[in-house]
Amino acid sequence: AARRAVEGAAGGAPLAVVASECGLEALGALPPSVASQAGALALDGNRLRDLGGLVPEDSGGGDEAPPFPVLQELTAGGNLLEAVPPPRFFGGMPNLVTLDLTFNESLVLSAGCFAGLRGLWKLDLSGCGLESLRVGGCSTSGSDSEGSDGPGGGSGGAPANPFAALLSLRDLDLSDNEFEEVECLVPLQAPPLLEKLNLQDCPLCETRHYKRRVLELLPGLQSLDHDGTGA
C-alpha cells in the first residue's frame, strides 16, 4: 500500500491514506515519502489505544520539517482511545483542519489536550461518553466562565478549559454524549469563532428551554443541532 501511495504521489497531489477497519492495535511512523504527501488520513474502526507512534518523538524539532506538512483531515473514530493525542503529536500536523475522534467511548479531556490545533476548523467528539468539557468535572454554575474557562484557562487552580486553544474552531459536534446541564457548555465560550454546534441525543436536550438557554450562553452560534438560530 505504501508503494502504491508513493507511485500515486508522483504528480504532487495530496494523498488520501486509508487504513480503516484493518484490526490495527498499534501504529508506527509512515514512510516519510507517504507522510509528507498525505492530505487525509483515515484510521477509523480499528482497536487503537494510542496514535502517538505516527509522529516520532524527535520529529519537527529545530529546522526539521514536520512529518505531515500537508495533512488537513485526520479520522480516528471507533477506536479505543482514552486520551486526545499530546500536543507533540499535533505539532507534526501544522495544517490540520478537521479532526474526527467519534465513538472513542472512554475518551478523557486533559488540560492543554488541544494545544497545537490553532488552525482546526472542525472537531467531532460525538459518542465519546463525555460528561463534562472541563478538566476536573462539570460545575452547575456559570460563575467561573472567566479565568478557568476564558481564553487563558486554568488560572487559580480551577478546572482548565481544553477548548481555549481552539482559536479557529467553527464547527463542533458533541452529539450522543452525557451532558446533563447547559452549564456544562461554559468552556465553549472560549473559541471565538464557533458558529456550529451539535448536541443531539445528549440528556441536556430534554431540559426546559434547552435551545434558548444554549443560545443565551453562546450567542455567536449560527447553527444548533443543524437548525439555523436566526442570529
- Take L174 and L188 through the side chain to side chain contact (heavy atoms under 4.5 Å, CB included) test and state the conclusion after the steps. CA-CA 11 Å; L174 293 171; L188 298 184; 4.0 Å; yes

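- In this structure, R213 contributes its side chain and T207 its backbone to no donor-acceptor pair below 3.5 Å.
- Rounding to the nearest 0.5 Å places CG of L204 at 10.5 Å from CD of E178.
- One distance of note links CG of L215 with CG of L217; it measures 9.5 Å at 0.5 Å rounding.
- Counting only distance, with no hydrogens or angles, the side chain of D124 and the backbone of S126 share a donor-acceptor pair below 3.5 Å.
- Cluster membership check: V214 shares its hydrophobic cluster with L172, using side-chain heavy-atom separations under 4.5 Å among Ile, Leu, Val, Met, Phe, Trp and Tyr.
- A single hydrophobic cluster is not seen to contain both L30 and V18; linkage of ILVMFWY side chains at heavy-atom distances under 4.5 Å, directly or through other members, places them apart.
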- How far apart are the C-alpha atoms of V34 and L15, what are their side-chain angles, what is the distance that settles it, and do they pass the side chain to side chain contact (heavy atoms under 4.5 Å, CB included) test? CA-CA 8 Å; V34 176; L15 299 173; 4.3 Å; yes

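- L193 places a side-chain heavy atom less than 4.5 Å from the side chain of R170.
- The main-chain N or O of P56 is found under 3.5 Å from a side-chain atom of R88 such that the two form a donor-acceptor pair.
- Pairs of residues two or more places apart, or lying in two chains, that qualify as salt bridge (Lys or Arg N to Asp or Glu O under 4.0 Å) and include a residue from residues 197-212 are K211-D227, R212-E216.
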- Query: F114 and L109: side chain to side chain contact (heavy atoms under 4.5 Å, CB included), yes or no, with the steps?
  - Reply: CA-CA 9 Å; F114 295 127; L109 302 181; 4.1 Å; yes

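- The two atoms that bring P187 and F163 nearest to each other are O-CB, 4.1 Å, heavy atoms only.
- Closest approach of A35 to P69, counting heavy atoms only: O-CD, 4.1 Å.
- When the side chains of ILVMFWY residues are joined at heavy-atom separations under 4.5 Å, either directly or via intervening members, W121 and M93 end up in two distinct hydrophobic clusters.
- Panel note: side chain D225, backbone L199; a donor-acceptor pair is recorded below 3.5 Å.
- K196 has its side chain out of reach of Q222: every pair of non-hydrogen atoms, C-beta onward, lies at least 4.5 Å apart.
- Other residues, nucleotides and ligands contribute more than 12 heavy atoms inside 6.0 Å of the CD atom of E195.
- The backbone N or O of C128 lies less than 3.5 Å from a partner atom in the side chain of N177, making a donor-acceptor pair.
- The structure places CG of L224 at 8.5 Å from CG of L218, a figure rounded to the nearest 0.5 Å.
- Considering only heavy atoms from C-beta on, F89 comes within 4.5 Å of L74 through its side chain.
- Under the 4.5 Å side-chain heavy-atom criterion for grouping Ile, Leu, Val, Met, Phe, Trp and Tyr, F103 is not connected to L101 through any hydrophobic cluster.
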- How far apart are the C-alpha atoms of L185 and L133, what are their side-chain angles, what is the distance that settles it, and do they pass the side chain to side chain contact (heavy atoms under 4.5 Å, CB included) test? CA-CA 7 Å; L185 306 178; L133 297 180; 4.1 Å; yes

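- Looking at S168, its side chain does come within 3.5 Å of a backbone N or O of R118 through a donor-acceptor pair.
- To the nearest 0.5 angstrom, R49 atom CZ is 8.5 Å from S106 atom OG.
- Using a 4.5 Å cut-off on side-chain heavy atoms (C-beta onward), T102 and L125 make no contact.
- Contact check for L43 versus T75: no side-chain heavy atoms found under the 4.5 Å cut-off.
- Between the SG atom in C184 and the CZ atom in R134 there is a gap of 7.5 Å [rounded to 0.5 Å].
- A distance-only check finds a donor-acceptor pair linking the side chain of N79 to the backbone of L48 [under 3.5 Å].
- Separating the NE2 atom in H226 from the OG atom in S175 is a distance of 7.0 Å, to the nearest 0.5 Å.
- Closest of all the heavy-atom pairs between D171 and L169 is O-CD1, 3.7 Å.
- Panel note: side chain D44, backbone E21; no donor-acceptor pair is recorded below 3.5 Å.
- Summarising the geometry of L123 relative to L166, their closest heavy-atom pair is CD2-CD1, 4.0 Å, with the distance given to 0.1 Å.
- Not a single donor-acceptor pair under 3.5 Å links the side chain of E73 to the backbone N or O of L41.
- Contact detail for C113 and P162: the closest heavy-atom pair is SG-CB, 3.7 Å.
- Contact between G127 and E105 at its shortest, heavy atoms only, is O-CG, 3.7 Å.
- Judged purely by atom type and a 3.5 angstrom limit, N46 uses its side chain to pair as donor or acceptor with the backbone of A19.
- Linking Ile, Leu, Val, Met, Phe, Trp and Tyr residues whenever their side-chain heavy atoms come within less than 4.5 Å leaves L167 and F90 in two separate clusters.
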